[in-house]
Amino acid sequence: MDFTGQTAIATGAASGMGLLFSKNFTQLGGNVVMCDVNEAMLQEKVQQINEQKKGRAIACVCDVRDYAQVCAARDLAVESFGRIDVMVNFAGGTARRMRGVGWEADFPDVPIEVFDWGLDVNLKGPFYFAHAVLKQMREQNSGLIINIGSITGAEGDGQGMDYPTAKAGLMYGLTKSIAQYGASHHIRCVCISPGPVLTRAAMANMKTLAGRAADPQEIIDLILFVASEKGQFINGENIMIDGGRNAAGRIC
């Protein structure tokens with residue numbers, strides 16, 4: 001796969017799969033605008049990439065909940081590289097873990113502000129980025145938006161309800177709607193929905209028919225395939241990459 005001359009924006013890019021995608025995309029010839037709220041870590045990772053591929057990565061401190069910052073990320077990509085070919089919405093997380101240092105209370109007893117954060121980051125953030133980058137993609141008459149869903153969007157979660165609600169919105173409503181709008185402008189939208197991924201050790205405890213969790217590179221390989229010339233016929237679809245967890249029913 002060759003992404004020479006192409007530009008991607010990745011959110012949540014200072015760590016995890018966002019960082020891994022950024023490394024892969026630049027290694028395959030592309031440029032990447034790496035967005036994250038953690039400025040110190042982001043600058044460190046951008047520097048590391050540029051030591052290998054000089055000038056291919058740019059840091060953009062961005063809170064995906066702030067539309068002005070989202071538009072600034074879009075503008076930085078266009079000003080720096082002239083176009084936006086791929087937008088990948090990696091930023092996200094379960095609010096009960098990310099915002100509450102592990103809220104153990106029942107759903108109605110968790111402060112609503114915790115769930116506001118989860119809905120904003122996991123659903124409103126990708127919605128904001130779609131609205132912003134589609135202006136540029138429409139102008140250049142091409143582009144791809146990749147949303148990151150989750151097996152939890154299909155399974156639900158009786159306590160952390162913000163996360164499956166947001167992910168289901170990405171997997172079905174937003175992805176299909178962007179694909180419908182983008183069709184006349186040669187813009188695609190695809191959602192990649194992982195099962196357990198070893199970005200955290202605890203994911204190894206989630207059962208799959210494969211008997212294991214995914215290596216993060218397996219998820220990135222699928223994203224790169226969809227973005228490449230080989231994946232151009234994939235559009236408007238949610239692709240589950242979960243080791244067969246969803247096919248097995250509720251096995252946990």
Chemist: Tell me whether I145 is reachable from V64 by hopping between hydrophobic residues (I, L, V, M, F, W, Y) whose side-chain heavy atoms are closer than 4.5 Å.
Modeler: yes
Chemist: Closer than 3.5 angstrom, by distance alone: can the side chain of S177 be matched with the main-chain N or O of L174 as a donor-acceptor pair?
Modeler: no
Chemist: Which pair of non-hydrogen atoms, one from N50 and one from G55, has the smallest distance, and what is that distance?
Modeler: OD1-N, 3.3 Å
Chemist: Answer yes or no: is there a donor N or O on one side and an acceptor on the other, between the side chain of D106 and the main chain of P108, under 3.5 Å?
Modeler: no
Chemist: When you measure from the side chain of D120 to the backbone of K124, do you find a donor-acceptor pair of N or O atoms at a distance under 3.5 Å?
Modeler: no
Chemist: Assess whether side chain to side chain contact (heavy atoms under 4.5 Å, CB included) is satisfied between I241 and I192, documenting all intermediate values.
Modeler: CA-CA 7 Å; I241 175 169; I192 306 296; 3.9 Å; yes
Chemist: For Q52, does the CD atom sit with more than 12 other heavy atoms under 6.0 Å from it, leaving out its own atoms?
Modeler: no
Chemist: Return the minimal non-hydrogen interatomic distance between F129 and C35, and the atom names on each side.
Modeler: CZ-SG, 4.4 Å
Chemist: Please walk me through it: do V190 and I239 pass side chain to side chain contact (heavy atoms under 4.5 Å, CB included)?
Modeler: CA-CA 8 Å; V190 178; I239 303 174; 4.0 Å; yes
Chemist: Rounded to the nearest 0.5 Å, what's the gap from CG on D157 to NZ on K167? Could you check?
Modeler: 13.5 Å
Chemist: Kindly indicate whether the side chain of I58, heavy atoms from C-beta on, has any atom under 4.5 Å from the side chain of V32.
Modeler: no
Chemist: Are L209 and R245 close enough that some pair of their side-chain heavy atoms sits under 4.5 Å apart?
Modeler: no
Chemist: Strictly distance-based, threshold 3.5 Å: is any side-chain N or O of Q136 a donor or acceptor partner for the main-chain N or O of A132?
Modeler: no
Chemist: Under a 3.5 Å distance rule, please check whether N122 uses its side chain to pair with a backbone N or O of G93 as donor and acceptor.
Modeler: yes
Chemist: Report the distance from atom CZ of F21 to atom CG of L224, rounding to the nearest 0.5 Å.
Modeler: 6.0 Å
Chemist: Just verifying a value: how many Å separate C191 SG and M171 CE, rounded to the nearest 0.5 Å?
Modeler: 6.0 Å
Chemist: How far apart are the closest heavy atoms of I219 and V197, and which atoms are they?
Modeler: CG1-CG2, 4.0 Å
Chemist: Do other residues, nucleotides or ligands put more than 12 heavy atoms under 6.0 Å from Q217 CD?
Modeler: yes
Chemist: Quick one: does R188's side chain have a donor or acceptor within less than 3.5 Å of a partner on G182's backbone?
Modeler: no
Chemist: Do T7 and D85 have a side chain donor and acceptor closer than 3.5 Å?
Modeler: no
Chemist: With sequence neighbours left out, write down each residue that passes side-chain hydrogen bond (donor to acceptor under 3.5 Å, both in side chains) with S22, or none if nothing qualifies.
Modeler: none
Chemist: Just so I know, are the side chains of V86 and V88 near enough to count as touching, which here means a heavy-atom distance under 4.5 Å?
Modeler: yes
Chemist: If two hydrophobic side chains count as joined below 4.5 Å and joins carry through other members, does L20 share a cluster with M41?
Modeler: no
Chemist: Between T26 and F3, is there a side-chain heavy-atom distance shorter than 4.5 Å?
Modeler: no
Chemist: Does K230, at its NZ atom, have more than 12 non-hydrogen atoms belonging to other residues, nucleotides or ligands within less than 6.0 Å?
Modeler: no
Chemist: For the CH2 atom of W117 and the CG atom of D162, what is their distance to the nearest 0.5 Å?
Modeler: 8.5 Å
Chemist: How about F115: does its CZ atom have over 12 heavy atoms from other parts shown lying under 6.0 Å from it?
Modeler: yes
Chemist: For M240 versus A154, what's the shortest heavy-atom pair and its separation?
Modeler: CE-CB, 4.1 Å
Chemist: Should I9 and I84 count as side-chain neighbours, where that means a heavy-atom distance under 4.5 Å?
Modeler: yes
Chemist: Please answer whether the main-chain N or O of S142 pairs with a side-chain N or O of Q140 as donor and acceptor at a distance below 3.5 Å.
Modeler: yes
Chemist: Can you find a heavy atom in the side chain of I187 that is under 4.5 Å from one in the side chain of L144?
Modeler: no
Chemist: Check H131, M87, E79, K135 against R74 for a side chain to side chain contact (heavy atoms under 4.5 Å, CB included) and give me the one that passes.
Modeler: K135
Chemist: Going by atom types only, do H185 and N141 share a side-chain donor-acceptor pair under 3.5 Å?
Modeler: no
Chemist: Considering only heavy atoms from C-beta outward, does the side chain of L123 approach that of T165 to under 4.5 Å?
Modeler: no
Chemist: Is I220 reachable from L222 through a run of hydrophobic residues whose side-chain heavy atoms are each under 4.5 Å from the next?
Modeler: yes
Chemist: Between atom CD of Q6 and atom CZ of F81, what is the distance when rounded to the nearest 0.5 Å?
Modeler: 13.0 Å
Chemist: Going from CE on M137 to OH on Y181, what distance comes out if it is rounded to the nearest 0.5 angstrom?
Modeler: 12.0 Å
Chemist: Is it possible for you to say whether I178 and I234 belong to one hydrophobic cluster, with membership spreading through side-chain heavy-atom contacts below 4.5 Å?
Modeler: no
Chemist: Is the backbone of G211 close enough, under 3.5 Å, to the side chain of T208 for a donor and an acceptor to pair up by distance?
Modeler: yes
Chemist: Ignoring hydrogens and geometry, is there a side-chain-to-backbone donor-acceptor pair from N235 to C189 under 3.5 Å?
Modeler: yes
Chemist: Provide the closest heavy-atom pair for G30 versus R56 in the form atom of the first, atom of the second, distance.
Modeler: O-CD, 3.2 Å
Chemist: Same hydrophobic cluster for L28 and F90, using side-chain heavy-atom links shorter than 4.5 Å among ILVMFWY?
Modeler: yes
Chemist: Between N238 and Y172 (side chain of the first, backbone of the second, donor and acceptor by atom type, cut-off under 3.5 Å), is there such a pair?
Modeler: no
Chemist: If you apply the rule side chain to side chain contact (heavy atoms under 4.5 Å, CB included), what do you find for I151 with M206, and how did you get there?
Modeler: CA-CA 11 Å; I151 181 64; M206 290 180 67; 4.1 Å; yes
Chemist: Does any non-hydrogen side-chain atom of I148 lie less than 4.5 Å from one of I223?
Modeler: yes
Chemist: If I compare all heavy atoms of L19 with all of I49, which pair ends up nearest, and what's the gap?
Modeler: CD1-CD1, 4.4 Å
